[in-house]
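Note that this is a predicted model, so its numbers are computed, not measured. This chain uses plain numbering: 1 for the first residue, then up along the sequence. Side chains included, hydrogens not; waters and symmetry mates left out as well; all remaining heavy atoms used.
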Amino acid sequence: QIEAGLKLAQQQRLTLLFVVNKMDATKRPTRIPPSFAPYAEQHGVFDLFANILKSLVVDRPTDPLEHILDFLKRKEVPRVLVLGPSQSGKATLSRQLADKANLVQVDVSAVLEKAAEDIDSLLGSKAKTFLEAGDDVPDTIVVPLLVQRLRQADCEEKGWALHGFPTNRQQALALQTAGVLPTVVYTLTAPDTVLQERAAGRRVDPETGAVYHTTYAPPPEEVAGRVVTKDCDSATAVEAALKEWHRSEYGLLRCYTTNVRNLSSDQPQADVFSQAWAHLCTKPASDAPFVPRTMFFGPTGSGKSSQARLLTQKYGIVHITADKAVKQAVLGNTDAGKAAKPYVDKHMPVPDTVLHQVILEKMAELDCATKGWVLDGYPVSPTQVEMLAKDSIVPNRVVFFNIPDESVHHRLTLRRIDPVTGRAYHLVSAPPPSIEVQNRLRQHPNDVEDAVTSRLGDYLLREQDLKDAFPDAFNINADQEPQTVFELVESILVRPQRASPGGTGGAATAQPPA
């Protein structure tokens, strides 16, 4: 039941899209506020709902509403599980993590010994019987005692680092059934020969419990005469323990597939801890669905529209341009379209306030909210940037297409349009297929030398202001083959976001993918 519930929690990320797709857009066009996605990402709304659902499935409370309120008041703390074979350094790593992160170190052996000392504990009395006889304590006793320990106030408030249990799949499933779900799992690995060598030189001081090694950490002279070798460190015992680990390793690790980090313990302990600590301090990736919100900037002729169309063809992302959005709004007779129509009819520039409403209406459409959008040619001024930010329109990818002025002139002034088919040709790089087509080609008025120079100058005047508005933007060399540029754009789109507040997850310069 728990496994089924966890699978349900993982699959619930489709819930919003499912509900949205079931809406009847024919009776009234479905509108989703474009500020919803940035808000959900900023506040972790999806992960919050996923954790609430997971908690309900695991704990199955009699009063779900009260349970949710308690859950929201609870502080999220690390729950660390360290797995590995005998002599791999599980106890050392869990102790170091507990000391560094102020967690409670939980050792199953210590839990059993403490429970055995409690005369009022029925489970403790049963555990004491097995411990005194030198037998293994059954899982039916270990699991409840361990769950009790992990649910004590100190573990709930600080978090915990557990080692020594579970050692097989049955024990792991028993913990999961009881609701013990670690947030991070470290698996220590090392060659058997290394582990056997560690056990052969391991010595313990029976008076203080201090652990030494004859080669790596020899005991001081004053205690060297009293250190002993424990029975579990004998060659026979270690070999049997390693065989048991290899038998159960596959089934055990299959119980933990989320946020698992494999660490080689065949290295200095400081390096093992450094890797584990860096991983623990890294925020895990969210399972929330990623909706691209991309802005393209660049001079005329840099290829922004061509790259946006390629993204639309491959990923279904909606390509938004200001001119096209205005025409659609006017034809659709929307509120913003009605406001823009007088300016369009008189061939006058649409004011920023009206154009902003047109863009917001377009972004609120169902396909933009579910598939994402790439905005090309807007905003073009700091004022328009501020208007978007005021309405919480925050892109998660911003790309600047950089290209020399000479290349822009070469691309545009030699471009010709076929008035019959509407297809564009380039007299050098993509010439027309026949003399007949070539004879009917025409040059667009915007592609003449003076018009290109004017448009290029307008962009260069506002380029720095746009770059200042998006300091984390990506910069691409657009003076390359279209497919090469698209590979760069694609690599930016699929790159994980940088966890910086208010940033666009960018980098200084995009490099071709390996």
Visitor: Kindly determine whether L460 and D405 satisfy side chain to side chain contact (heavy atoms under 4.5 Å, CB included), including the steps that lead there.
Guide: CA-CA 10 Å; L460 294 178; D405 296 353; 4.1 Å; yes
Visitor: Answer yes when K75 and E156 have at least one side-chain N-carboxylate O distance shorter than 4.0 Å, and no when they do not.
Guide: no
Visitor: How close do P166 and L81 get, counting heavy atoms only, and between which atoms?
Guide: CD-CD1, 3.9 Å
Visitor: Show your working on side chain to side chain contact (heavy atoms under 4.5 Å, CB included) between V185 and R261 and close with a plain yes or no.
Guide: CA-CA 6 Å; V185 178; R261 181 66 184 268; over 6 Å; no
Visitor: Salt bridge (Lys or Arg N to Asp or Glu O under 4.0 Å), that's the test. Do K341 and D345 meet it? Break it down for me.
Guide: CA-CA 6 Å; K341 191 175 187 304; D345 292 342; 2.8 Å; yes
Visitor: Do E386 and K390 meet the salt-bridge criterion of a basic N to acidic O distance under 4.0 Å?
Guide: no
Visitor: Is there a donor-acceptor contact under 3.5 Å from the side chain of T334 to the main chain of V330?
Guide: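 Checked: no pair found.
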Visitor: I need the minimum non-hydrogen distance between I359 and A325, along with the two atoms involved.
Guide: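 I359 and A325 have their closest heavy atoms at CD1-CB, 4.3 Å.
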Visitor: Run S305 and D376 through side-chain hydrogen bond (donor to acceptor under 3.5 Å, both in side chains) and show every step you take.
Guide: CA-CA 7 Å; S305 298; D376 165 22; 2.6 Å; yes
Visitor: Evaluate the side-chain proximity of V184 to P78: yes if any heavy-atom separation is below 4.5 Å, no if none is.
Guide: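 Result no, sub-4.5 Å side-chain heavy-atom pair not found.
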Visitor: Would E449 and H409 count as having a side-chain donor-acceptor pair, cut-off 3.5 Å?
Guide: yes
Visitor: Calculate, to the nearest 0.5 Å, the distance between atoms CE and CG belonging to M387 and D391 respectively.
Guide: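 Spacing of CE (M387) from CG (D391) equals 8.0 Å.
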Visitor: Measure across V180 and P182 and return the closest heavy-atom pair with its distance rounded to 0.1 Å.
Guide: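 Here V180 and P182 meet closest at O-CD, 3.8 Å.
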Visitor: Given side chains that start at C-beta, do those of L311 and H319 come closer than 4.5 Å, heavy atoms only?
Guide: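 They are not in contact (no side-chain heavy atoms under 4.5 Å apart), so the answer is no.
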Visitor: Using the test ring pair (Phe, Tyr, Trp, His ring centres under 6.0 Å), find all partners of H43 that sit at least two apart in sequence or belong to another chain.
Guide: Y39
Visitor: Return the NZ to CZ distance between K304 and F296, rounded to the nearest 0.5 Å.
Guide: 10.0 Å
Visitor: Are the side chains of V318 and K362 in contact, using a 4.5 Å heavy-atom criterion?
Guide: yes
Visitor: Kindly say whether I317 contributes a backbone atom to a donor-acceptor pair with the side chain of T312 at under 3.5 angstrom?
Guide: yes
Visitor: Charged N to carboxylate O below 4.0 Å: is that the case for R423 and D418?
Guide: no
Visitor: Does F290 reach the side chain of N396, with side-chain heavy atoms less than 4.5 Å apart?
Guide: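 With C-beta onward as the side chain, the pair touches.
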Visitor: Give the table of side-chain donor-acceptor pairs shorter than 3.5 Å for residues 92-99, with sequence neighbours excluded, one pair per line with atom names and distance.
Guide:
residue, atom, partner, partner atom, Å
S94, OG, K90, O, 3.2
S94, OG, A91, O, 2.9
S94, OG, Q105, NE2, 3.1
S94, OG, H163, ND1, 2.9
Q96, OE1, Q269, NE2, 3.2

Visitor: Side chains of W373 and P292: closer than 4.5 Å at any heavy-atom pair?
Guide: no
Visitor: Under 3.5 Å, side chain of R442 to main-chain N/O of I417, donor-acceptor pair present?
Guide: no
Visitor: Is it the case that Q464 and D468 place a side-chain donor and acceptor less than 3.5 Å from each other?
Guide: yes
Visitor: Would you sort out whether H426 and S429 count as a side-chain hydrogen bond (donor to acceptor under 3.5 Å, both in side chains), showing the intermediate values?
Guide: CA-CA 6 Å; H426 192 276; S429 60; 3.2 Å; yes
Visitor: Around atom NZ of K100, are there more than 12 heavy atoms of other residues, nucleotides or ligands at under 6.0 Å?
Guide: no
Visitor: So, T183 versus R79: side-chain donor-acceptor pair below 3.5 Å or not?
Guide: no
Visitor: Within the distance-only criterion (no hydrogens, no angle test), does the side chain of Y186 pair as donor or acceptor with the backbone N or O of A276 below 3.5 angstrom?
Guide: yes
Visitor: With a sphere of 6.0 Å drawn around CZ of F486, does it hold more than 12 non-hydrogen atoms of other residues, nucleotides or ligands?
Guide: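 Enclosed.
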Visitor: Should L355 and Q384 count as side-chain neighbours, where that means a heavy-atom distance under 4.5 Å?
Guide: yes
Visitor: Side chains of V260 and N262: closer than 4.5 Å at any heavy-atom pair?
Guide: yes
Visitor: To the nearest 0.5 Å, what is the distance between CG on D479 and CD1 on I403?
Guide: 5.0 Å
Visitor: Nearest 0.5 Å, please: how far is CG in L461 from OG in S381?
Guide: 13.0 Å
Visitor: Below 30° counts as parallel, above 60° as perpendicular, anything between as tilted: where do the rings of F400 and F297 land?
Guide: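 Plane angle under 30°, so parallel.
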Visitor: Taking all non-hydrogen atoms of both residues into account, name the closest pair between V77 and C155 and its distance.
Guide: CG2-O, 4.3 Å
Visitor: State whether the side chain of S302 and the backbone N or O of P299 hold a donor-acceptor pair below 3.5 Å, judged by distance alone.
Guide: yes
Visitor: Of all heavy-atom pairs between N102 and K158, which one has the smallest distance, and what is that distance?
Guide: O-CB, 3.4 Å
Visitor: Tell me whether E361 contacts the main-chain N or O of A336 through its side chain, where contact means a donor paired with an acceptor under 3.5 Å.
Guide: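 Side chain of E361 to backbone of A336: a pair is present.
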Visitor: Mind running side chain to side chain contact (heavy atoms under 4.5 Å, CB included) on M295 and L388 for me, showing each step along the way?
Guide: CA-CA 12 Å; M295 288 184 180; L388 288 176; 3.6 Å; yes
Visitor: Looking at D70 and R74, is there a salt bridge between them, counting it only when a charged N and a carboxylate O are closer than 4.0 Å?
Guide: no
Visitor: Any chance you could lay out the side-chain hydrogen bond (donor to acceptor under 3.5 Å, both in side chains) test for Q438 and Y425, step after step, and finish with the verdict?
Guide: CA-CA 9 Å; Q438 182 175 350; Y425 295 95; over 6 Å; no
Visitor: Quick one: pull up CZ in R169 and SG in C255 and give me the separation to the nearest 0.5 Å.
Guide: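 If we round to the nearest 0.5 Å, R169:CZ and C255:SG are 4.0 Å apart.
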Visitor: Would L263 and T187 satisfy side chain to side chain contact (heavy atoms under 4.5 Å, CB included), going step by step from the backbone distance to the final call?
Guide: CA-CA 6 Å; L263 301 173; T187 304; over 6 Å; no
Visitor: Rounded to the nearest 0.5 Å, what separates atom CG in D192 from atom CH2 in W245?
Guide: 11.5 Å
Visitor: What are the two closest non-hydrogen atoms of P395 and V398, and how far apart are they?
Guide: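 Smallest interatomic distance, heavy atoms only, reads CG-CG2, 3.6 Å.
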Visitor: Hey, does the side chain of T370 reach the backbone of L366 with a donor-acceptor pair shorter than 3.5 angstrom?
Guide: yes
Visitor: Counting N and O atoms only, with roles assigned by atom type, does the side chain of D271 sit under 3.5 Å from a partner on the main chain of Q267, one being a donor and the other an acceptor?
Guide: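 Judged by distance alone, no pair lies under 3.5 Å.
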Visitor: With the threshold set at 4.0 Å, does a side-chain nitrogen-carboxylate oxygen contact exist between E41 and R293?
Guide: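 A salt bridge links E41 with R293.
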Visitor: Ignoring hydrogens and angles, tell me if any N or O in the side chain of Q443 forms a donor-acceptor pair with the backbone of D447 under 3.5 Å.
Guide: yes
Visitor: Is any side-chain heavy atom of L188 closer than 4.5 Å to a side-chain heavy atom of V82?
Guide: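 Yes, close enough: below the 4.5 Å cut-off.
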